Every structure is written in structure tokens, then in C-alpha cells.
> 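Could you have a look at this structure, given as C-alpha cells, before my questions?
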There are 2 protein chains.
Amino acid sequence: MRISALEEYGLRCLLALARRGREGQMSISEVAEQEGLSVPYASKLLSILRKEGLVTAERGRTGGFTIARAPESINLLEVITALGGPLIDPNHCEKFTGQLDRCVHEDQCSVHNVLDGLAGFISEQLRTRTLQDVLDDQPEIGSGLSGSSILLTEQSEPQETRGENLQ
Amino acid sequence: MRISALEEYGLRCLLALARRGREGQMSISEVAEQEGLSVPYASKLLSILRKEGLVTAERGRTGGFTIARAPESINLLEVITALGGPLIDPNHCEKFTGQLDRCVHEDQCSVHNVLDGLAGFISEQLRTRTLQDVLDDQPEIGSGLSGSSILLTEQSEPQETRGENLQ
DNA sequence: AGCAATTATTACCAATCCGTAAAGTATTAT
DNA sequence: ATAATACTTTACGGATTGGTAATAATTGCT
């Protein structure tokens, strides 16, 4: 269970555009330089975001990318699923690897209960956060503020791992 | 961001052993048959679980696998990280793909704030659930009980996607 | 018209993951 | 002892992902 590279870097590129706002524009090379990515890679990421409808592109000499909607109206679930697909493969049981015709735990399966519940929970967390929330969470450069309030709605010490080999 | 096959099937195998309890035992072929997996694949999964210390193995004609600790004392975070590694690659910024010496957002990075916060949140959810919780959530075969209370501590309708292309 | 700057598309290669295959090692029943 | 049963290890091929490279297509400027 990992956050993929596409998801992280794609989110970064989208945030860069979000900072420019609906009227702003950035070229691929601008995004690449700002985010420390290669131009071809930034191009690939922005291309995916465009196909998913999160950004718009204009070609030609004065072209560039613009965020498609207001940052307040784009939630993180959209972004993550656009870049990395759904949390749980919907036709998981069809692709089941075993020799049985179908998943042994087809219905009333506690494993699916758990995993679906987890996926739903994560989705809900992502859905309730927008790009603007993330931007607001970005502290001023040089400010002493540390730590983030994002995604920490009730648990008080989420990164406390107690040596449980999260490594 | 996906729940990997190893994570799901490894969890299934571990649950099968958990049902037998600390005194019970299962051979690879038993596990494979019960979970609908090929024998070599079940072997691989159990081997990983053994190396991670979650199950013990005895060789020889009367050999088999036994769960290493009580199901109440094994939480899902252990299982998931044992099978799929940590949620966020700890040396992510070292492997950074860009041309810059280090991650442009090294410190005070809102993207890291968000992702770390999310990872921490998920970890916390997983840590507070044990294998025994999952076993208790498994309904009797044929019982009319549907739905799970696991991992749904406060959100009421986590799998409600509202057409937001979770697909 | 032609050049320059920009996005769009396709293909490609390396690395990792999924699942299988096969040969090896240990233990026990007979 | 020997054979049967079971775990152990290594290796392999296919599929997916990460990132790069090259070329085509579009627009604006002169």
C-alpha cells in the first residue's frame, strides 16, 4: 500500500498551477523547474492531468497550462484517483489468481469488509480536503510554524509509530 | 495508491492460521486449498509472513505453519507493512527524480505535510485493529448479517462515492 | 512564408511486482 | 535406511510502473 510517484508528483504539479489561479498559466518548463522535475516527466504528468480534466492546455507559442477549476472545488480524492486509479481494484475478484472459479470469500467476506472499509475511510478523508486547503497549509517561507493540521481531524499523534517496524 | 495483492492474500493466509489459534497448525496445501490459491503462491506468502515473524514454521512430515502470537496482539498495521512495506517510502526525497540536489520542498512542504498526515492517519486506523477484530467481524455462514463495523469508527457511509469517479 | 516556442503523442527501456516453476533441505513414519 | 511429506530457496517470465527520448502538431511573431 503505497502512494505512487505519479500521485505525489502529479499533485505537486497541480498545486503549482493552483497557486497561479484560474487566470494564471504555466508552461511545462516552468513547472518542471519549479518542482525539480525533468521537462519530459512534467510533460507526462501534466498530460495526464489534462486528460483527466483537472487542467486545461493551450498550445502554441504563448501556450501553457491552467488549472481547470477553482482550487476550492477540487478535492484530493479526485486528484489521487485521476493519477493512480481507485484504491481498491473494482473487479478484484474477477482477476483472482486462485484455481477456484471465484473468490472463496465472495460474499460476507471479512477481508473484503475490512479492506473496503479502509478504502472508504481513506476516500472520505481525501474527499474532504481540497487543493485550497493544502495551499493554505503551506507556511510562509521562513515562518517558524511547523506541523500541519491537514488530515489530522481527530487523532492526536498520527506519526507516532512506537517502534512497530513502520521503518 | 493501492492495496496490493500480497497484502490482501497475505492477510487471508494469516487469518486462516489465526482461526486455528496458537496451538493449531496448517500445511501450505491446506491454506492454499482453503483460500483458493496455488500451492507455490501460498508458499511464497507464508514464507514472507514467517520471515516477518508473524507465523512460525515446522518442517518435516508433520510440519506446518502456526500463528506466532495471539490474534488479539497482532494489529493490521504490522501485517500490511510486513507484506507491503511502509505507506510512504521513508527515503523518498533521496530517490527524488529531479535534477535538483534535493527535494525542492525539503522542509515546510505542504505536500509532505498532507501525505505524511494521511499516512499517519491510515496507520493509526490499521494499528487499532487486530486480527481478532477481523475474525469477530466474520459473520456465520448463512447468517443474514451484512456490513461491517470494522474501520468505520465515525464516518457513517464510507463507501458512498457520489459518482466522484472512484469507479 | 518561415522561424520559434509550446503542447501532444508515441515509443522505448529499466526497475519493480505478480505469480509460477523447480530443485533443495529437513523431519518422520514405516 | 528409505520413502513420503512438508517447508526453503532460487530463479524465471509476464505485467505494470517510473522515467526518458524523439517526433509531430499547433500557435504566434516577424
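Lettering follows sequence order; numbering is per chain, from 1. As the structure is a computational prediction, the values presented were derived from the model and not from experiment. No hydrogens, no waters, no symmetry mates; every other heavy atom, side chains included, goes into these values.
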> Would you say B:Arg2 reaches D:dT17's phosphate, i.e. side-chain N/O to OP1/OP2 under 4.0 Å?
yes
> Using the side chain to side chain contact (heavy atoms under 4.5 Å, CB included) definition, which of the options B:Thr56, B:Leu131, B:Val55, B:Thr66 pairs with B:Leu17?
B:Val55
> Let me know the distance between CD of A:Glu8 and P of D:dG19, rounded to the nearest Å.
10 Å
> If every non-hydrogen atom of B:Glu30 is compared with every non-hydrogen atom of B:Gln25, which pair is closest and at what distance?
OE1-O, 4.2 Å
> Output the rounded distance in Å from CG (A:Leu83) to P (D:dG18).
10 Å
> Tell me the interatomic distance from A:Glu58, atom CD, to C:dT6, atom P, rounded to whole angstroms.
13 Å
> Side-chain N or O of B:Ser38 versus OP1/OP2 of C:dT20: is the shortest distance under 4.0 Å?
yes
> In whole angstrom, give the distance that lies between atom NZ of B:Lys51 and atom P of D:dC7.
15 Å
> Between P on D:dC7 and OH on B:Tyr41, what's the gap in Å once rounded to a whole number?
18 Å
> For the side chain of B:Pro40, counting heavy atoms from C-beta on, which of C:dA21, D:dG18, C:dT9 is nearest?
C:dA21
> Could you check how far CD1 of B:Ile48 sits from C1' of D:dT8, rounded to whole Å?
13 Å
> The side chain of B:Leu6 is closest to which nucleotide in this list: C:dG19, C:dA8, C:dC18?
C:dC18
> Determine: side-chain N/O of A:Arg50 to OP1/OP2 of C:dA8, distance under 4.0 Å, yes or no.
yes
> D:dT16 C1' sits how many Å from A:Lys44 NZ, rounded?
11 Å
> Check DNA chain C against residues 20-31 of chain A and give the residues with a non-hydrogen atom under 4.0 Å, in numerical order.
A:Met26, A:Ser27, A:Ile28
> Judged by each residue's nearest nucleotide on DNA chain D, which is more toward the 5′ side, A:Arg61 or B:Leu46?
B:Leu46
> For C:dT25, does the base pair up with any side-chain atom of B:Arg59 as donor and acceptor (N or O, under 3.5 Å, distance only)?
yes
> Looking at A:Asn75, A:Leu83, A:Thr81, which hits side chain to side chain contact (heavy atoms under 4.5 Å, CB included) with A:Val79?
A:Leu83
> Check this for me: does any side-chain nitrogen of one of A:Glu7 and B:Arg2 sit under 4.0 Å from a carboxylate oxygen of the other?
no
> For B:Gly63, report the nucleic acid contact type (base, sugar-phosphate, nothing); a contact means any heavy atom under 4.0 Å.
sugar-phosphate
> Using a strict 4.0 Å threshold on nitrogen-to-oxygen distance, state whether A:Arg69 and A:Glu78 make a salt bridge.
yes
> Provide, to the nearest angstrom, the distance between the CG atom belonging to B:Leu45 and the P atom belonging to C:dC17.
15 Å
> Any sub-3.5 Å donor-acceptor pair from A:Ser43's side-chain atoms to A:Val39's backbone N or O?
no
> Between A:Ser47 and A:Thr62, which is nearer to the 5' end of DNA chain C once each is assigned its nearest nucleotide?
A:Thr62
> Assign the ring pair A:Phe121 / B:Phe121 to parallel, tilted or perpendicular, where the plane angle (0 to 90°) is split at 30° and 60°.
parallel
